[in-house]
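Contents: one structure, followed by commentary.
Source: prediction; values computed, not measured. Here, residue 1 is the first one in the sequence, and each next residue gets the next number. Each ligand, and each atom within it, is numbered from 1 in the order the structure gives.
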Amino acid sequence: MSAATRLRKVVIRHGRVSDLAAVMEIERASFPTPWSDAAMRRELECQENSYVLVAEVGDRPVGYVVTWVYSGEAHVLNVAVAPDERGQGLGELLMLSAIEEAISRRCRQVVLEYRVSNLAAANLYRKLGFVPAGLRPRYYLDTGEDAIFAILDKLQTPATRRFLSERRDAWQKEHDWTVSYE
Ligand SMILES: CC(C)(COP(=O)(O)OP(=O)(O)OC[C@H]1O[C@@H](n2cnc3c(N)ncnc32)[C@H](O)[C@@H]1OP(=O)(O)O)[C@@H](O)C(=O)NCCC(=O)NCCS
């Protein structure tokens, strides 16, 4: 890890409408069929049953995760990191933070889908304890690709909370970012 990386600071905070342009730039660089500006704006407008967390480095949003909450279940709908900031732990930090917020919102489980071909996502979610629970055939309308549906359940149990706390400690040892929360 370089000295420059060691000195870097990242802020995790809730997204706001003023993040829209930066978030959409990452969105368009990350997905073959990006969300529309209007859809992302709705998420950033502080919805009651959803939350957006943004990772900010030097005043620039460099990643985000969008989660919906209903019936005690948190559904991660979207997570992305700017291409030039990938591979440095920010995706994992965002996911850990989204899971921790789901715990504080008393959710029982976190669910998500990812493309069968998305190795980075598969590895990231497995590292965080998600277990593949099914296949959704031709889930992605743009390419007709299948989705894997995965679950991190028993969120409120001591075992899961201990696992996540150990994962966070390990993350800090592996990465050396200085993290603050707003
Ligand atoms: C998936 C994504 C959010 C990961 O963000 P990131 O900041 O690069 O990920 P991290 O550096 O935190 O990596 C965490 C773990 O993810 C996995 N991972 C990340 N990038 C990977 C890659 N290119 N290949 C394989 N595994 C990868 C690894 O398990 C990694 O842990 P490790 O460093 O101990 O090997 C990022 O690649 C991205 O924005 N992709 C485009 C959008 C997308 O596919 N989102 C997911 C939709 S389901």
Side-chain angles (χ1 to χ4, degrees), residues 1-2 4-6 8-13 15 19 22-36 39-40 43 50-58 60-68 73-102 109-152 163-164 166-179 181:
M1 190 176 302
S2 72
T5 302
R6 252 183 237 120
R8 295 184 84 193
K9 296 183 171 66
V10 56
V11 176
I12 301 293
R13 59 169 175 76
D19 296 322
V23 163
M24 283 306 298
E25 191 180 328
I26 301 168
E27 173 77 8
R28 282 190 282 267
S30 299
F31 296 104
T33 308
W35 284 14
S36 67
M40 192 66 83
E43 298 305 324
S50 70
Y51 52 94
V52 181
L53 298 180
V54 165
E56 189 175 67
V57 175
R60 173 192 169 218
V62 296
Y64 55 90
V65 52
V66 180
T67 308
W68 282 9
E73 180 172 286
H75 193 156
V76 175
L77 292 185
N78 196 341
V79 54
V81 171
D84 61 321
E85 295 286 359
R86 288 182 193 159
Q88 305 178 77
L90 295 176
E92 187 176 351
L93 177 65
L94 279 162
M95 284 298 302
L96 274 168
S97 304
I99 294 165
E100 287 161 0
E101 177 146 352
Q109 59 185 22
V110 184
V111 301
L112 48 77
E113 290 91 9
Y114 57 93
R115 289 175 193 259
V116 172
S117 64
N118 196 339
L119 183 64
N123 287 344
L124 169 62
Y125 302 144
R126 187 174 51 242
K127 197 174 177 188
L128 292 170
F130 284 84
V131 176
L135 199 70
R136 299 206 194 285
R138 302 186 62 78
Y139 182 79
Y140 296 99
L141 300 177
D142 51 359
T143 57
E145 191 170 352
D146 298 345
I148 292 171
F149 172 68
I151 301 184
L152 175 64
F163 167 78
L164 291 166
E166 286 168 3
R167 201 48 262 142
R168 182 170 271 279
D169 291 347
W171 181 91
Q172 192 58 75
K173 287 199 184 93
E174 285 161 18
H175 293 101
D176 260 357
W177 284 93
T178 301
V179 186
Y181 295 86

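- Looking at R115 against ligand 1, nothing comes within 4.0 Å, counting heavy atoms.
- For the atom pair I99 CD1 and L53 CG, the distance stands at 11.0 Å (nearest 0.5 Å).
- Scanning the protein heavy atoms around atom 39 (O) of ligand 1, the nearest turns out to be V81 N, 2.8 Å.
- Set against the non-hydrogen atoms of Q88, the atoms of ligand 1 under 4.0 Å away are 11 (O).
- Only one option out of L112, V111, I151 pairs with F130 in a side-chain contact (heavy atoms from CB on, under 4.5 Å); it is L112.
- The distance from atom CZ of R126 to atom CG of L119, rounded to the nearest 0.5 Å, is 8.0 Å.
- Between E174 and ligand 1, a contact under 3.5 Å exists for no N or O pair.
- Put simply, the side chain of Q172 gets close to the backbone of W177: a donor and an acceptor are under 3.5 Å apart.
- The protein atom (non-hydrogen) at minimum distance from atom 20 (N) of ligand 1 is A120 CB, 3.6 Å.
- In this structure a side-chain-to-backbone donor-acceptor pair under 3.5 Å is missing from E92 to G89.
- Atoms of ligand 1 found under 4.0 Å from any heavy atom of N123, numbered from 1 in the order shown, are 17 (C), 25 (C), 26 (N), 28 (C), 29 (O).
- Between Y125 and ligand 1, not a single N/O pair is under 3.5 Å apart.
- Remark: ligand 1 atoms within the under-4.0 Å shell around heavy atoms of A80 are 39 (O).
- The shortest contact between atom 4 (C) of ligand 1 and any protein heavy atom is with L124 CD2, 4.1 Å.
- Not a single protein heavy atom sits closer than 4.0 Å to atom 2 (C) of ligand 1.
- Side chain to side chain, E113 and Y140 fail the donor-acceptor criterion of an N or O pair below 3.5 Å.
- At least one N or O atom of N118 sits closer than 3.5 Å to an N or O atom of ligand 1.
- Between the side chains of N78 and E43, no donor-acceptor pair of N or O atoms lies under 3.5 Å.
- Neither the backbone nor the side chain of R126 comes within 4.0 Å of ligand 1, counting heavy atoms alone.
- Closest of all the heavy-atom pairs between N118 and A121 is OD1-N, 3.1 Å.
- Using a 4.0 Å cut-off between heavy atoms, W171 makes no contact with ligand 1 at all.
- Contact atoms of ligand 1 toward E113: 48 (S) (distance under 4.0 Å to a heavy atom of the residue).
- Regarding atom 45 (N) of ligand 1, its nearest protein heavy-atom neighbour is V79 O, 2.8 Å.
- With E56 as the fixed residue, the salt bridge (charged side-chain N to carboxylate O under 4.0 Å, His left out) test singles out one of R13, R8, K9: R13.
- Every atom of ligand 1 with a heavy atom of G89 under 4.0 Å away is listed here by number and element: 10 (P), 11 (O), 12 (O).
- Against a heavy-atom cut-off of under 4.0 Å, G87 is close to the following atoms of ligand 1: 6 (P), 7 (O), 8 (O), 11 (O).
- Residue contacts with ligand 1: G91 is placed with a nitrogen or oxygen under 3.5 Å of a nitrogen or oxygen of the ligand (distance criterion only).
- Nearest protein heavy-atom neighbour of atom 12 (O) of ligand 1: E92 N, 2.9 Å.
- Looking at Y51, its side chain does come within 3.5 Å of a backbone N or O of A98 through a donor-acceptor pair.
- Less than 4.0 angstrom separates atom 32 (P) of ligand 1 from at least one non-hydrogen atom of the protein.
- L152 contributes atom CG, which lies 8.0 Å from atom CG of L128 (distance to the nearest 0.5 angstrom).
- Annotation: atom 38 (C) of ligand 1 to nearest protein heavy atom, R86 NE, 3.4 Å.
- Remark: the backbone N or O of E27 is not paired with any side-chain donor or acceptor of W35 at under 3.5 angstrom.
- Of the inter-residue distances, the one linking F31 atom CZ with I26 atom CD1 reads 10.5 Å to the nearest 0.5 angstrom.
- Residue K127 touches ligand 1 through its side chain alone, judged by heavy-atom distances below 4.0 Å.
- Residue contact check: F31 has heavy atoms under 4.0 Å from atoms 42 (C), 43 (C), 45 (N), 47 (C) of ligand 1.
- Between the side chains of E145 and S117, at least one donor N or O sits under 3.5 Å from an acceptor N or O.
- Neither the backbone nor the side chain of N78 comes within contact range of ligand 1; no heavy atom lies under 4.0 Å.
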